[in-house]
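Just so it is clear, the values below take in all heavy atoms, side chains as well, and ignore hydrogens, waters and symmetry mates. Letters go in sequence order (proteins before strands), and every chain restarts at 1.
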Amino acid sequence: MSFASLNLAAPLLNALEAAGYEKPTPIQASAIPAVLAGRDVMACAQTGTGKTAAFLLPTLQRLETRRAPAGRGPRALVLTPTRELATQVRDAASVYAKGLPHLRFGTIVGGVPYPPQEKLLMRPLDILVATPGRFLDHMERGRVDFSRLEVVILDEADRMLDMGFLTDVERIMAATPATRQTVMFSATFEGRIATLAGRLLKDPERIRIAATEAQNAKIAQHVHYVSDVAQKKAMLMALLNEDAMGQAIVFTGTKHGADRLATAIGQNGHTAAALHGDMRQGARNRTLAQFRAGTVRVLVATDVAARGIDVAAISHVFNYDLPRSAEDYVHRIGRTGRAGQSGSAVSFALRAEHGALKRIERFTGQPIPVRVLAGFPVTEASAQGAKGAAPAGRGRPQRSGDRNRAGRPEGAPGGGRGFARRSQERDGRAPAGRARLESIGG
DNA sequence: AAAAAAC
């Protein structure tokens with residue numbers, strides 16, 4: 001299977017080669033022909049499966065092949081849940097369309113001045129990437145012309161609904177031409193998503209990529225049990241000093257927590273910066289640009305950065321606080337192991353977070369190996385929660401290395417007692433389709 | 001009990 005066999009045009013194939021893409025991912029192999037054929041598509045795919053290219057490549061090809069009517073406004077509209085994701089999708093379109101220089105792209109997101117966006121909407125555009133709130137704002141001011149609109153793509157549709165964008169999305173969709181092509185991507189395909197898809201899509205091609213295929217095997221996951229926040233912090237600092245550490249994202253549960261931890265990491269001699277929704281958009285953009293450029297090595301972020309952010313040099317994702325939903329865990333760790341690189345996802349679990357950890361394991365169908373860090377002995381407070389995951393108090397604390405509690409390399413066949421045996425029994429056995437969105441701790 | 005997104 002190659003991109004050429006998907007009937008993509010030469011300029012796109014050249015751009016893909018230049019960008020180092022070798023062969024289509026499963027979602028790309030399924031979605032590209034369907035979108036090219038003009039079909040509506042409902043694709044269920046986790047993050048990190050190459051879904052941006054899966055909708056951009058065929059869309060670019062269709063825009064290139066079909067005659068553009070005169071007038072203004074977008075021919076393709078992509079809606080995304082966060083501003084950063086919108087910017088990233090637009091940038092990806094520019095990369096893939098390097099050989100199609102006449103195509104025009106733009107973004108419409110909140111937090112930035114209106115006048116440039118008004119000018120943008122007065123011009124003919126090929127692909128417009130937007131967050132729903134600001135875009136609807138422009139629509140209500142009568143500034144959006146949909147007469148040229150051919151295709152609408154809803155990226156991370158489940159996330160948009162979670163964020164309360166359902167009515168915004170429906171109002172936007174109601175204003176688009178009935179003849180449009182509609183493509184919807186979502187990590188889940190249940191409940192409200194299925195209802196929305198039923199209303200918006202016509203005879204859609206349904207694509208579902210199993211989680212086992214979607215999960216990036218190159219992400220090594222493990223968890224450290226910690227007895228208190230001070231130990232969590234000390235462990236993080238120790239890990240950040242390890243040689244294999246490239247760039248890292250550290251996720252926190254609160255915006256304030258992100259600020260405080262970024263300062264603390266900075267005091268420990270690393271270039272660190274916070275990223276969260278209370279920052280001004282200019283500061284958000286600057287921080288992300290510095291992180292991409294590598295001048296900031298450690299990004300301390302809330303879940304605003306959990307989805308979509310694509311930086312190849314991220315070697316480690318830390319869950320300083322475990323995420324609220326199991327699904328967010330999958331999205332967070334998907335920030336590493338990108339572009340063919342390997343990555344590590346390291347979580348810290350307080351006693352109070354062990355329930356959340358269990359739910360994450362149930363959601364992904366994979367146990368997360370427990371690791372003990374040299375210099376941080378297992379105390380009673382931290383070991384307690386290891387019940388059911390690993391026998392507490394057994395064995396010696398081991399050096400931070402690729403060993404689990406049973407002393408076997410991670411991923412090696414188990415057969416002993418305790419956690420390793422459970423790993424073997426459960427590893428990768430849970431069917432992907434069983435995964436459901438589960439709230440943690442609520 | 002938290003985060004995101006329009007002003």
Item to complete: Among the candidates B:dA4, B:dA3, B:dA6, find the nucleotide nearest to the side-chain atoms of A:Met163.
Response: B:dA4

Discussion item. Taking any heavy-atom pair under 4.0 Å as a contact, classify A:Asp137: base, sugar-phosphate, or nothing.
Written reply: base

Practice prompt. Please work out which of the three classes, parallel, tilted or perpendicular, describes the rings of A:Phe135 and A:Phe146, given edges at 30° and 60°.
Written response: tilted

Worksheet item: A:Arg324 has a side chain; which of B:dA4, B:dA2, B:dA6 sits nearest to it?
Response: B:dA2

Worksheet item: Considering only side-chain heavy atoms of A:Phe165, which listed nucleotide, B:dA6, B:dA3, B:dA5, is closest?
Response: B:dA5

Worksheet entry | A:Thr131 vs B:dA6: side-chain N/O to OP1/OP2 distance below 4.0 Å | yes

Item to complete: Scan residues 177-188 of chain A for pairs that pass salt bridge (charged side-chain N to carboxylate O under 4.0 Å, His left out), counting only residues two or more places apart or in two chains.
Response: none

Worksheet item: Can you check whether A:Arg284 has a side-chain N or O nearer than 4.0 Å to OP1 or OP2 of B:dA4?
Response: no

Item to complete: Check every strand shown and say whether A:Arg83 touches a base, only sugar-phosphate, or nothing at a heavy-atom separation below 4.0 Å.
Response: sugar-phosphate

Practice prompt. Quick one: label A:Tyr114 by what it contacts on the DNA or RNA (base, sugar-phosphate, nothing), any heavy atom closer than 4.0 Å.
Written response: sugar-phosphate

Fill in: Phosphate contact (B:dA2 OP1 or OP2) by A:Thr302 side-chain N/O below 4.0 Å
no

Worksheet item: So what does A:Gly111 hit on the nucleic acid, given a heavy-atom distance under 4.0 Å: a base, only sugar-phosphate, or nothing?
Response: sugar-phosphate

Item to complete: Compare all side-chain heavy atoms of A:Leu57 with those of A:Leu16 and state whether any distance is below 4.5 angstrom.
Response: yes

Worksheet item: Nearest-Å distance, CG (A:Leu350) to P (B:dA1)?
Response: 17 Å

Response to the item:
Separation of B:dA3 atom C1' from A:Tyr329 atom OH, nearest Å, is 20 Å

All N/O donor-acceptor pairs, side-chain side in residues 105-115 of chain A, below 3.5 Å, sequence neighbours left out:
{"from": "A:Tyr114", "atom 1": "OH", "to": "A:Arg134", "atom 2": "NE", "distance (Å)": "3.4"}
{"from": "A:Tyr114", "atom 1": "OH", "to": "A:Asp137", "atom 2": "OD2", "distance (Å)": "2.5"}

